[in-house]
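Below: the structure, in structure tokens.
Remember, predicted model here, so these are calculated numbers, not experimental data. Naming convention: chains lettered A, B, ... in sequence-line order (proteins, then strands); numbering from 1 in each chain.
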2 protein chains.
Amino acid sequence: MPTTSDFERMLRAASLRVTRPRIAVLHAVHASPHADTDSILGAVRTDLGEVSHQAVYDVLRALTNAGLLRRIQPAGYVARYESRVGDNHHHVICRSCGVIADADCAVGHAPCLSASDSHGFVIDEAEVIYWGTCPDCTTTTTASS
Amino acid sequence: MPTTSDFERMLRAASLRVTRPRIAVLHAVHASPHADTDSILGAVRTDLGEVSHQAVYDVLRALTNAGLLRRIQPAGYVARYESRVGDNHHHVICRSCGVIADADCAVGHAPCLSASDSHGFVIDEAEVIYWGTCPDCTTTTTASS
DNA sequence: TCCCTTATCTTGAATGAGTCAAGTATTTTT
DNA sequence: AAAAATACTTGACTCATTCAAGATAAGGGA
């Protein structure tokens, strides 16, 4: 778990000003990966007291643009953020409860980056979402039958 | 391109009532794959005259649940619908103009379905979105420099 | 063919994540 | 320490989508 001064260094390295909301957002996302904006806002307020929701939206956008955070937005869900950036990992999402887990692609370093026919597109990212049922929900469903 | 009576058969096969809005929505989506709800509503109204937007939302949901349409909702975009269902094709999306093209996965029949560690999830679908730049946008950008 | 049941459509309001805009405060530079 | 630039606060607003209640139309049985 990075410390506050680690976060400071990360912000400066990205040419971003060091502010309390930004540090708090970084703390929050590192502490709970795949958190949505509202949870992050809650964590930031617990940490700092009153902070505007707009500030958190701004911070999340700035940090995402800077590459310090990654935004994921599965169909039907609100945006979520994670601190694991720079690799090409993917996500497994439970259709039942919405929980998200990380997944490295079986193919390895460049998963699925070559579509058989990319229609002349220049592809820069392959986003993979595995939809399924998490262990908890699988157990619950099975038990009730 | 399927005909109206093809659509009727498809609806009956899915135990859905045959109504004018449903036929019109099927026509619209078959005519322009990856259309969003608003475009579909426009096409339906051109076809039938006034139809409530709620009706189109209801129809799209019913047809999607019945497996006659597939809903795709890339991050940052509104929902879109396509009539190509039952295979496991994926999508290439232009970050610049938002245009969507179909893509079959290079791996073949079950693309990326095996994450290296699925954390105990029972996975039923692997959704792949290739992000990039379409030929038109690539040309425009290059030409302007 | 008519009627009944039920699914579907209409109308109109509401929800809620996210954005816009103008002004104030804070950080960084000089 | 002052200036310049960036970030935060406040409050209104957008817009895709959903909710709810009543009206209408489709399909099956008599």
Side-chain angles (χ1 to χ4, degrees), chain A residues 4-5 7-28 34-45 47-66 68-69 71-81 98, chain B residues 4-5 7-26 28-29 34-45 47-66 68-69 71-81 98:
Chain A
T4 297
S5 38
F7 291 140
E8 279 196 37
R9 274 189 288 278
M10 293 164 66
L11 287 169
R12 292 191 200 284
S15 305
L16 291 174
R17 293 189 176 173
V18 177
T19 67
R20 294 166 63 70
R22 285 178 177 171
I23 299 292
V25 165
L26 283 170
H27 268 296
H34 314 129
D36 60 28
T37 308
D38 208 53
S39 309
I40 295 169
L41 177 57
V44 168
R45 284 183 173 161
D47 193 357
L48 301 182
E50 190 59 26
V51 174
S52 69
H53 79 134
Q54 186 61 51
V56 171
Y57 274 100
D58 286 348
V59 167
L60 287 170
R61 177 181 304 178
L63 298 185
T64 301
N65 289 342
L68 297 185
L69 293 182
R71 177 188 176 126
I72 53 185
Q73 193 176 15
Y77 290 91
V78 300
R80 304 183 186 210
Y81 295 85
Chain B
T4 296
S5 38
F7 291 141
E8 278 195 38
R9 272 188 290 277
M10 292 163 66
L11 287 170
R12 292 191 200 284
S15 307
L16 290 174
R17 291 188 179 175
V18 177
T19 66
R20 294 166 63 70
R22 285 179 177 169
I23 298 292
V25 165
L26 283 170
V29 176
H34 314 131
D36 60 29
T37 307
D38 208 53
S39 310
I40 296 168
L41 177 58
V44 169
R45 284 182 173 162
D47 194 356
L48 302 182
E50 191 58 25
V51 174
S52 70
H53 79 134
Q54 187 60 51
V56 171
Y57 274 98
D58 286 349
V59 167
L60 287 171
R61 177 180 304 178
L63 298 185
T64 301
N65 289 342
L68 298 185
L69 294 182
R71 177 191 177 123
I72 52 184
Q73 193 177 16
Y77 291 91
V78 299
R80 304 180 187 214
Y81 295 85

Nucleotide of [options] approaching [X] most closely (side-chain heavy atoms):
X	options	answer
Val78(A)	dT8(C), dT10(C), dA17(C)	dA17(C)
Ala79(A)	dT18(D), dC20(C), dG18(C)	dG18(C)
Val51(A)	dT9(D), dA13(C), dT8(C)	dT9(D)
Val59(A)	dC8(D), dG12(C), dT26(C)	dC8(D)

State, yes or no, whether a side-chain contact exists between [X] and [Y] at a heavy-atom distance under 4.5 Å.
X	Y	result
Leu11(A)	Leu63(A)	yes
His34(B)	Ile72(B)	yes
Arg20(B)	Val44(B)	no

message: Which is more 5' along DNA chain C, the nucleotide nearest Asp38(A) or the one nearest His53(B)? Just name the residue.
response: His53(B)

May I ask you to verify if any side-chain N or O of [X] is less than 4.0 angstrom from the OP1 or OP2 atom of [N]?
X	N	value
Thr19(B)	dA7(C)	no
Arg61(A)	dT19(C)	yes
Arg12(A)	dT28(C)	yes
Thr37(A)	dA17(C)	no

query: Sub-3.5 Å donor-acceptor pair from the side chain of Arg71(B) to the main-chain atoms of Ala79(B), do we have one?
result: no

message: Distance check needed: dT9(D) P versus Asp58(A) CG, whole Å only.
response: 9 Å

message: Rounded to whole Å, how long is the line connecting atom OH of Tyr57(B) with atom P of dT18(D)?
response: 7 Å

- prompt: So does Arg17(A) reach the base of dT28(C) with its side chain, donor to acceptor, closer than 3.5 Å?
  reply: no

- prompt: Closer to the 5' end of DNA chain D via nearest nucleotide, is it Arg20(B) or Ser52(A)?
  reply: Ser52(A)

- line: On DNA chain D, more 5' by nearest nucleotide between Arg22(A) and Arg71(B) is Arg22(A)

